[in-house]
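The structure appears below as structure tokens.
Lettering of chains follows the sequences in order, A, B, ..., and the numbering in each one begins at 1.
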Amino acid sequence: MIDLLFYVLMSIGLCFVFLGCVGLLRMPDVYCRLQASTKCVTLGTGSILLAALAKTGFSAIGMKALISLVFLFLNSPTSAHALAKAADISGIKFWEKPGDEKIYPAKPRPTVDSDIE
Amino acid sequence: MNQLLVFILLFGIWKLMTWSNDLGSYIAGILSALFITLLYGKEFPYHPKHTFQIRRYIIFIKFLFVFLYQMIKANFVMAYRILSPGPPIKPGVVKISLRLKSPLGRLILANAITLAPGTFTLDITEDTLLIHWIYVGTTDPVEAEEMICGNLQSILKEVFE
């Protein structure tokens with residue numbers, strides 16, 4: 001039973017991590033790539049860590065996996081946000097489908113120079 | 001009181017991580033927890049009135065379930081977007097209003113939005129959130145807030161304020 005749970009969680013995790021990598025290749029610009037990789041990889045890694053917990057039970061390894069899970073959920077979106085904001089500040093353009101109306105910009109973009117001043 | 005809470009938290013995490021009963025592990029844990037407590041203990045966001053209200057914890061657990069449901073849904077939506085031909089995306093940036101004041105609440109809201117279906121926190125200012133949306137449904141701020149956050153913001157407001 002525990003083994004079955006382990007295999008199921010591990011397969012789900014590997015599937016989502018794989019999907020995240022495919023998304024990284026298929027999406028058109030850095031923001032969409034971050035969306036794909038952040039969401040899929042967070043759930044995938046979380047699932048793999050849960051699988052480690054299921055396999056080893058509440059031992060040293062299992063507890064480390066559980067704590068890593070909490071910190072993963074706190075840190076992964078934050079680091080993605082930092083990457084996206086850095087891309088935004090350094091002036092990387094938003095991709096848009098040819099022929100669609102413009103949806104951005106919602107605000108004048110800050111530049112690095114104006115931040116320093 | 002601040003320092004005591006930080007110390008208990010740090011030492012608890014240390015004990016969970018090492019998961020052993022050696023004397024050495026206790027000594028190392030106490031020393032390092034004490035060191036960090038002396039450095040950063042004062043900055044811990046501690047509210048004397050809020051910490052011991054059970055109601056807040058119950059609402060927070062409810063929030064966790066809403067968040068977990070949103071996250072799993074987000075992954076399936078994203079899997080569909082990645083795998084279908086000519087990715088069905090229409091990316092854009094929308095602005096929604098932010099009414100939370102507490103820093104921890106704002107962090108958790110921003111993280112929840114990043115993991116919610118199709119949205120991504122790009123920037124955060126005093127009273128607005130700038131959100132990158134992979135399939136823009138509407139550009140109206142009020143409708144966008146309803147579609148992106150749902151009731152997450154009001155739940156977090158109850159927990160942290």
Using a cut-off of under 4.5 Å on heavy-atom pairs, state which of Gly118(B), Ala110(B), Ala74(B) scores highest against chain A. Gly118(B)

For chain A, which of Leu16(B), Leu115(B), Thr114(B), Asn75(B) has the most heavy-atom pairs under 4.5 Å? Asn75(B)

Against chain A, label [X] side chain, backbone, both or neither, depending on which of its atoms sit under 4.5 Å from a heavy atom there.
X         : answer
Met17(B)  : both
Thr18(B)  : backbone
Thr119(B) : backbone
Leu107(B) : side chain
Ala116(B) : backbone

Atom OG1 in Thr37(B), atom CG in Leu4(B): separation rounded to 0.5 Å? 9.0 Å

Distance, nearest 0.5 Å, that separates OG1 of Thr45(A) from CG of Leu50(A): 11.0 Å

Side chain, backbone, both or neither: which part of [X] has a non-hydrogen atom closer than 4.5 Å to chain B?
X        : result
Leu34(A) : both
Thr42(A) : side chain
Ile67(A) : side chain

Parallel, tilted or perpendicular: which fits the ring planes of Phe73(A) and Phe67(B), with parallel below 30° and perpendicular above 60°? perpendicular

Between Phe16(A) and Phe76(B), does the ring centroid distance fall short of 6.0 Å? yes

Is the side chain of His81(A) donor-acceptor paired with the backbone N or O of Thr121(B) at a distance under 3.5 Å, no angle test? yes

Heavy-atom pairs under 4.5 Å with chain B are the metric here; pick the option from Gln35(A), Lys64(A), Met27(A), Lys85(A) that has the most. Gln35(A)

Hey, are the side chains of Ser76(A) and Val41(A) touching, using non-hydrogen atoms and a 4.5 Å cut-off? no

Can you establish whether the number of heavy atoms outside Ile61(A) located under 6.0 Å from its atom CD1 is more than 12? no

Greater than 12 external heavy atoms within 6.0 Å of Lys101(B)'s NZ: yes

